[in-house]
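Worth knowing before you read on, the calculation uses all heavy atoms, side chains too, and leaves out hydrogens, waters and symmetry mates.
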Amino acid sequence: MRPDTPAENVDHTAEAARLERTAGLYPEDAEALLLRAAAHLELSGDRPAAAALYDRLLASDAELESPYLVRALKASNLWEYGHEAEARAIIDGIRAAAPRDPAPWVIVGESLEAHDELEQAHETFTEAVRLLLTDVPEPPAAAHPLLFGRHRVRRMLGAAHDEWDALADTVHSLPVTLDELHDPKRVWSLGSENPAELEAEISRLRAEVGAYRTALSRPFPVAVLHWPADELTELLEAYPSLAAEYPSHEEHLAAIEAALRELASSGTPNLGIVPGTVPSYEAFAASEGTTPDDADLLPQYATTLAARGRALPWPPQRSAPCWCGSGRAYGECHGV
């Protein structure tokens, strides 16, 4: 399913089943695929089936990339179909664990907000921004929803602006200001019976979503393949003929950055980097009925990884870790 497929044309149950089958074929991607399947089940109204998928992930022997995100999504889903006590217990556990990933904090805060627990939502968002953004020179994009959620809840509570709200205003990029976007009267107007109020609100909402149309017009990023140093060494030992594509690891990294900058300068949006591994590349070659030493297979492999949600967006923020894995900030490494 393309991200720009109209919602009314989506068979969420069938899409969830397709994603579950795909997860069986690609166990290394099972976490991402099953989370998407659970989201479709929630949209279809089958929340118990979605909960079963979350439980399946949490009970798996495989180490999860985002265990607290899975728990947060499970809690949010449980609360929506009457399991409030269990959901609250999971939420308390996540807050006590204080994960360094913004995503579970966002889900927990928005779940509390959705159930009118505004004070608890405010405390959750505040805990998260203090934990993740104190003394951070530039808030990463993944943390922006924390600032926006906190700003929104504080508007609902009638709280005065503070330094975190000012930071939220700074990173907000849409033409409609956060104060207007989070005005409680806008929420009330959506329930109005006055056609003029509804029309005005619909016009504002159309203006706000316009900025996202370009990003949503592609099913996956235009991605460039990145071989980490140990994987590239293993690849060239197994398939020496590919050395013509990769004279050295340093040249490989430089070529990635140069290619992405050239694409960006030509106006190509939604760029990304996909890390490759030799076992998955060999499996892909076998599925295509060819051998891994076929250099023409490399871009197809990158596209397939991107379509499976493995791409990392490029460029990172200058203060974020560089995509190459050096451990240095992007602005001090390949972003120089």
Side-chain angles (χ1 to χ4, degrees), residues 1-3 5 14-40 53 56-57 60-66 217-260 262-263 268-314 316 322-325 334:
M1 182 193 70
R2 288 172 56 95
T5 302
E15 186 66 13
R18 184 189 69 81
L19 288 165
E20 285 195 67
R21 291 193 299 271
T22 306
L25 296 173
Y26 302 101
E28 69 275 16
D29 296 333
E31 181 177 350
L33 293 167
L34 291 179
L35 286 180
R36 290 171 58 190
H40 280 287
L53 281 187
R56 173 178 162 184
L57 281 169
S60 171
D61 293 332
E63 184 177 352
L64 297 177
E65 292 182 11
S66 306
S217 66
R218 291 181 178 272
F220 46 81
V222 176
V224 176
L225 183 61
H226 165 222
W227 294 101
D230 54 344
E231 294 290 342
L232 184 60
T233 299
E234 182 180 347
L235 178 75
L236 296 181
E237 288 177 352
Y239 309 103
S241 62
L242 294 179
E245 301 291 324
Y246 306 112
S248 71
H249 190 249
E250 291 73 17
E251 291 182 60
H252 170 51
L253 299 181
I256 291 173
E257 184 72 22
L260 288 166
E262 182 176 352
L263 287 168
T268 304
N270 208 21
L271 299 174
I273 297 174
V274 282
T277 66
V278 174
S280 73
Y281 178 59
E282 291 173 334
F284 176 73
S287 70
E288 293 293 311
T290 186
T291 58
D293 56 6
D294 181 0
D296 292 338
L297 197 64
L298 295 167
Q300 299 175 43
Y301 174 56
T303 299
T304 301
L305 289 179
R308 284 160 52 191
R310 306 300 290 178
L312 303 174
W314 180 95
C322 187
W323 56 263
C324 72
H334 283 88

Measure the CG-OH distance between L236 and Y246 for me, rounded to the nearest 0.5 Å.
8.5 Å

Residues in ring-ring contact (aromatic ring centres under 6.0 Å, His included) contact with F284, at least two apart in sequence or another chain:
Y301

Any idea which heavy atoms bring E257 and W323 closest together, and the distance?
OE1-NE1, 2.9 Å

With a 3.5 Å distance limit and no angle check, can you tell me whether S60 reaches the backbone of R56 through a side-chain donor-acceptor pair?
no

Results of side chain to side chain contact (heavy atoms under 4.5 Å, CB included) for A37 - residues two or more places apart only:
A16, L19, E20, L53

In Å, rounded to the nearest 0.5 Å, how long is the span from CD of E288 to OG1 of T304?
6.5 Å

Cut-off 3.5 Å, side chains only: do Y239 and E282 have a donor facing an acceptor?
yes

Sorted by chain and residue number, the salt bridge (Lys or Arg N to Asp or Glu O under 4.0 Å) partners of E31 (sequence neighbours excluded) come out as none

In this structure, NE2 of H252 is separated from CD of E245 (nearest 0.5 Å) by 11.0 Å

Heavy atoms only: give me the nearest W227-H249 pair and the separation to one decimal.
O-NE2, 3.0 Å

Of all the heavy-atom pairs spanning T268 and V222, show the shortest one and how long it is.
CG2-CG2, 4.0 Å

Non-hydrogen atoms of A302 and L225 that approach each other most closely
CB-CB, 3.9 Å

How long is the span from the CG atom in L57 to the CG atom in L34, to the nearest 0.5 Å?
5.0 Å

Minimal non-hydrogen separation, L235 against V278, with atom names:
N-CG2, 3.7 Å

When every non-hydrogen atom of L305 is compared with those of G276, the smallest separation belongs to CD1-CA, 4.4 Å

Can you list the residues that meet the salt bridge (Lys or Arg N to Asp or Glu O under 4.0 Å) rule with E28, with sequence neighbours excluded?
R308

Rounded to the nearest 0.5 Å, how far apart are CG of L242 and CG of L298?
6.0 Å

Applying side chain to side chain donor-acceptor pair (under 3.5 Å), can you list everything that pairs with T277, at least two apart in sequence or on another chain?
S280

Could you tell me which residues satisfy side chain to side chain contact (heavy atoms under 4.5 Å, CB included) with E251, sequence neighbours excluded, listed by chain and number?
P247, S248

For the atom pair CG (L35) and CD (E65), what is the distance rounded to the nearest 0.5 Å?
10.0 Å

